[in-house]
Amino acid sequence: MDNRASHPPHPLVVQKYGGTSVGDTSRIRAVADHVARTRQNGNHVVVVVSAMGKATDDLIRLATETSSVRPPREMDMLLTSGERVSMALLCMALADLGVPAVSFTGSQAGIITDTTHTRAKIVTIKGDRLRAAIDDGQIPVVAGFQGVSTQHDVTTLGRGGSDTTAVALASALDAKVCEIYTDVPGVFSADPRIVPDAAKLKRLSFEEMLEIAATGGRVLALRSVEFARNHGIPLQVRSSFTWEPGTTIDEEDPSMEQPLVTAVTHDMSEAKVTLPGVPDTPGIAARLFRALADNAINVDMIVQNSSLHGTTDISFTVPEDDLATSLQITRSLANEIGAQTPQADSNIAKVSLIGAGMKSHPGISATTFEVLAASNINIEMISTSPIRLSCVIRRDQAESAVAVLHKAFNLGEA
Ligand code: ADP
Ligand code: ASP
Ligand code: MG
């Protein structure tokens, strides 16, 4: 449905506030002020909130302390409670300012997902209650990171999923922009908590932001960027502490010269599995990776050595949370095919360089390897895309690798 048809003079802005942005009651009042101001400036506003501060982590800890058996359906029931608290408090803070606001759970907002508990995907958004609230002059405040499945159960969208809620609502309600408010003033050339002179990036293409999000730059959830790109929703990442202009993410401007390297990212959440002594015959890799895929395990990098004496080694990385299952699957295949015992290694990190200009410039890899070598950092795996180069290294060297690469490619603030 076209929102502009029913609200010709007022553009719609979707604003998402992350955990730190609503971390205590004074932060919630500051957010209410900003929402009220946006409305005074002549916009319709739809707000999406995360759970307060570390509330989601605290709920996960409660579950872990209570039981070793944590059915995904019950985890979703538990975790969705965090966002309920912040949405109700924000509506109260808005009411205090005389701004009519009404809260909605994901289910009430009409966010329909598939049935994959703890990492559900949005199937459709009905959104008619949100439109009715807007028509009524109210500000809808929606609980992020959740929906209701086609089987009528409450689901969550995976960690960081409030970003996805916001972008999906922006698309469904035909918003002009989706603003993501967080605890840093934008997307930086590296995680500003690790590289103090990281530079704020004014503008990024969806493609670059996708690679940043996919390689550990957790400032935006990967799925939210995919959604924004697929539906052409411009994003703005901004600080809810300083409210200064942040980073705009939209289509690449073909008339602009693309920087060689835009950002260095790191990801410490993966682990490596190595299967040595694999018979070098057709179909073995297919069996291994089919079994992993059937268990919904997202394999990232894969390396297979060329065989010298009829056997080869296969190494791959998976999310550390899926390491135990991956190892179990690999062990049972090793037995069947007569390979050696698989080895697990959690002590890895992935460091990546992202830059749209890499497409047309050879030599980035060589420089990267030289810079890492000069710091005595060993590269264990390598993978590339047209605009990304990733290296797996030891985890305790990740921060220094990010620092030396950031410096070598002159990404710091001028
Ligand atoms: P929120 O709770 O608002 O969703 P997140 O913690 O999910 O916030 O994301 C913001 C954090 O992302 C920042 O505090 C920062 O440490 C981290 N981050 C990692 N890489 C980057 C980057 N390249 N630019 C900006 N922030 C980054
Ligand atoms: N509260 C959820 C989390 O911590 C969702 C979000 O904040 O995006 O992952
Ligand atoms: Mg986040």
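Basis for what follows: all heavy atoms, side chains included, without hydrogens, waters or symmetry-related copies. First listed ligand is number 1; within each ligand, the first listed atom is number 1.
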Polar contacts were defined as any N/O atom of the residue lying under 3.5 Å from an N/O atom of the ligand; does this apply to D163 and ligand 1? no
Should we say atom CG of N376 is surrounded by more than 12 heavy atoms from elsewhere, each under 6.0 Å from it? no
Assess whether a salt bridge exists between R129 and D136, defined as any Lys/Arg side-chain N lying under 4.0 Å from an Asp/Glu carboxylate O. no
Could you tell me if S26 and D24 have a donor-acceptor pair between their side chains, going purely by distance under 3.5 Å? yes
For T80, run the side chain to side chain contact (heavy atoms under 4.5 Å, CB included) check against T105, L59, V148, T156 and tell me which one passes. T156
In this structure, does ligand 2 have an atom that sits under 4.0 Å from one of the heavy atoms of G160? yes
I want to know if ligand 1 touches R218 in the polar sense, i.e. an N/O pair below 3.5 angstrom. yes
Any nitrogen or oxygen of S189, side chain or backbone, less than 3.5 Å from one on ligand 1? no
Considering distance alone, does some N or O of T182 sit under 3.5 Å from an N or O of ligand 1? yes
Do the side-chain N and O atoms of S352 and E211 include a donor-acceptor pair separated by under 3.5 angstrom? no
Which ligand 2 atoms, with their elements, are less than 4.0 angstrom from a heavy-atom of F145? 2 (C), 5 (C)
Nearest candidate to atom 25 (C) of ligand 1, where distance is taken over non-hydrogen atoms, out of G186, A263, A198: G186
For atom 21 (C) of ligand 1, what is the closest protein heavy atom, and at what distance to 0.1 Å? D191 CA, 3.7 Å
Mark the output for G161 as yes if a heavy-atom distance to ligand 2 is under 4.0 Å, and as no if none is. yes
Those atoms of ligand 1 less than 4.0 Å from some heavy atom in G19: 2 (O)
Short list, please: which atoms of ligand 1 are under 4.0 Å from a heavy atom of V184? 13 (C), 14 (O), 25 (C), 26 (N)
Does the side chain of R388 come under 3.5 Å of the side chain of S383 through a donor N or O and an acceptor N or O? yes
Knowing that exactly one of D345, N378, N347 qualifies, which makes a side chain to side chain donor-acceptor pair (under 3.5 Å) with R394? D345
With a 4.0 Å cut-off on heavy atoms, does A190 reach ligand 1? yes
Near R159, which atoms of ligand 2 are under 4.0 Å from a heavy atom of that residue? 3 (C), 4 (O), 9 (O)
Which of the atoms in ligand 1, numbered in the order shown and given with their element, are less than 4.0 Å from a heavy-atom of G217? 20 (N)
Give me the ring orientation class for H44 and H10: parallel if the planes are under 30° apart, tilted from 30 to 60°, perpendicular past 60°. perpendicular
Which protein heavy atom lies closest to atom 13 (C) of ligand 1, and at what distance to 0.1 Å? D183 OD1, 3.5 Å
of all protein heavy atoms, closest to atom 24 (N) of ligand 1 is F188 N, 2.9 Å
N or O pair under 3.5 Å between S162 and ligand 2: yes
Taking the side chain as C-beta and beyond, is there a heavy-atom pair between T265 and D267 under 4.5 Å? no
Look at the aromatic rings of H34 and W243 and report parallel, tilted or perpendicular, splitting at 30° and 60°. parallel
Closer than 4.0 angstrom, basic N to acidic O: yes or no for E320 and R395? yes
Nearest neighbour of atom 16 (O) of ligand 1 from the list K16, R159, R193, H266, on a heavy-atom basis: R193
Within the 3.5 Å criterion, strictly below it, is a donor on D183 or T20 matched to an acceptor on the partner's side chain? yes
Ligand 1 and I212, any nitrogen or oxygen pair closer than 3.5 angstrom? no
Mark yes or no for whether S375, through its side chain, and L372, through its backbone, hold a donor-acceptor pair below 3.5 Å. no
Under 4.0 Å from a heavy atom of P192: give me the atoms of ligand 1 that qualify, with their elements. 24 (N), 25 (C), 26 (N), 27 (C)
Against heavy atoms of S50, which atoms of ligand 2 measure under 4.0 Å? 6 (C), 7 (O), 8 (O)
